[in-house]
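Encoded as C-alpha cells, the structure appears first; notes follow it.
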Amino acid sequence: MSNKIDILISKEQLENRIIELGKRIKEDYQGKELVCVGLLKGSVVFISDLIRAIDMDLSIDFMKVSSYGKGTDSTGVVKILKDVDEEVTGKDVLLVEDIVDTGLTIANVKEFMAKKRPNSVKVCTLLDKPSRRKIDVKAEYVGFEIPDEFVIGFGLDYAEKYRNLSYVGKLTLDKENK
Ligand code: IMP
Ligand code: MG
C-alpha cells in the first residue's frame, strides 16, 4: 500500500493566486529596494513563481533555519543554518515561506532579520494554518488559508518527499508508514 494524496489546491489555483500576490506586491513596493528572501527548502517552488509575477526590479536571497522540535509548547528558538548573503540594511525585505503553522519559525526569522536594520520586514506565505498558532504572528501576504491538515507538494515535503508535485495535496499516511 502507499500513502494517499487528495488534491487540496490545484496547479491552476496556485498559478492564479500567485499572479494576484505578485501584482499586489508590485503595487506595494513601488520605489522600494525589494529583497525577496526564501526560506530553504520549502519555499523554493513558490518563490520561483512569485518573483516572476512581481514585475519590477528586485533581488533574491535565501536563508535556512533549523526546525525546533515539533510538538513542544516552548517558543523554541530556531538556529540560523544559512544567513542571507546580501546586505539588507535600508532595504525592504519580504520573507517568503511555504507555510506558517505554529508561527515560531517566521516569528524568529523576522526578529533576526529586524536586527539587520532593513527599512521593512514583511512576510509572504503560500499557505497559512491560523488555527495552529502558538505565537501571535501574521503574514502580510497569504496565498491560501488552510485547515489543520498535513499538506505536501509545491515545495512542501513529508520526509523530503513530494516537493516536486505541482499541486498542494493532503497527505494520509498508509498504516505501514505510520
Ligand atoms: P512553524 O514554525 O510551526 O510555523 O512551521 C513552519 C515549518 O514547518 C514550515 O516552513 C514547514 O517546513 C513545516 N510545516 C508545517 N506544517 C506543514 C505541513 O502541513 N506540511 C509540510 N510541512 C509543514
Ligand atoms: Mg519551511
Item checked: Step-by-step side chain to side chain contact (heavy atoms under 4.5 Å, CB included) determination, D98 to L126 -> CA-CA 5 Å; D98 52 356; L126 179 65; 5.5 Å; no

*Apply the test side chain to side chain contact (heavy atoms under 4.5 Å, CB included) to residues S2 and D174: give CA-CA distance (whole Å), side-chain angles for both, the deciding distance (0.1 Å), then the verdict.*
CA-CA 6 Å; S2 56; D174 179 58; 5.8 Å; no

Within the side chain of [X], is there an N or O that forms a donor-acceptor pair under 3.5 Å with the backbone of [Y]?
X: K82; Y: F62; value: yes
X: S66; Y: K79; value: yes
X: D61; Y: D85; value: yes

Contact summary for [X] and [Y], nearest pair of heavy atoms:
X: S131; Y: D148; value: OG-CB, 3.9 Å
X: V96; Y: S43; value: O-CB, 3.3 Å
X: C124; Y: I25; value: SG-CD1, 4.2 Å

inquiry  = Regarding D83 and K116, does a basic nitrogen lie under 4.0 Å from an acidic carboxylate oxygen?
reply    = yes

So, R17 and E20, do they make that salt bridge, N to O below 4.0 Å?
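Yes, R17 and E20 are salt-bridged.
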
Next on the checklist: The test is side chain to side chain contact (heavy atoms under 4.5 Å, CB included); show your working for D128 and R133 and say whether it passes.
Outcome noted: CA-CA 10 Å; D128 191 7; R133 281 301 191 290; 2.8 Å; yes

Should the pair Y141 and Y29 be assigned to parallel (<30°), tilted (30 to 60°) or perpendicular (>60°) ring geometry?
tilted

Is E33 atom CD crowded by more than 12 heavy atoms from other residues, nucleotides or ligands, each under 6.0 Å away?
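Open: at most 12 neighbouring heavy atoms sit under 6.0 Å from CD of E33.
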
Full working for salt bridge (charged side-chain N to carboxylate O under 4.0 Å, His left out) between E27 and K23: CA-CA 6 Å; E27 281 172 24; K23 283 188 180 146; over 6 Å; no

As a quick check of understanding, evaluate side chain to side chain contact (heavy atoms under 4.5 Å, CB included) for N108 and V65, giving each step before the final call. CA-CA 10 Å; N108 273 278; V65 300; over 6 Å; no

d(D101 CG, I146 CD1) to nearest 0.5 Å is 8.0 Å

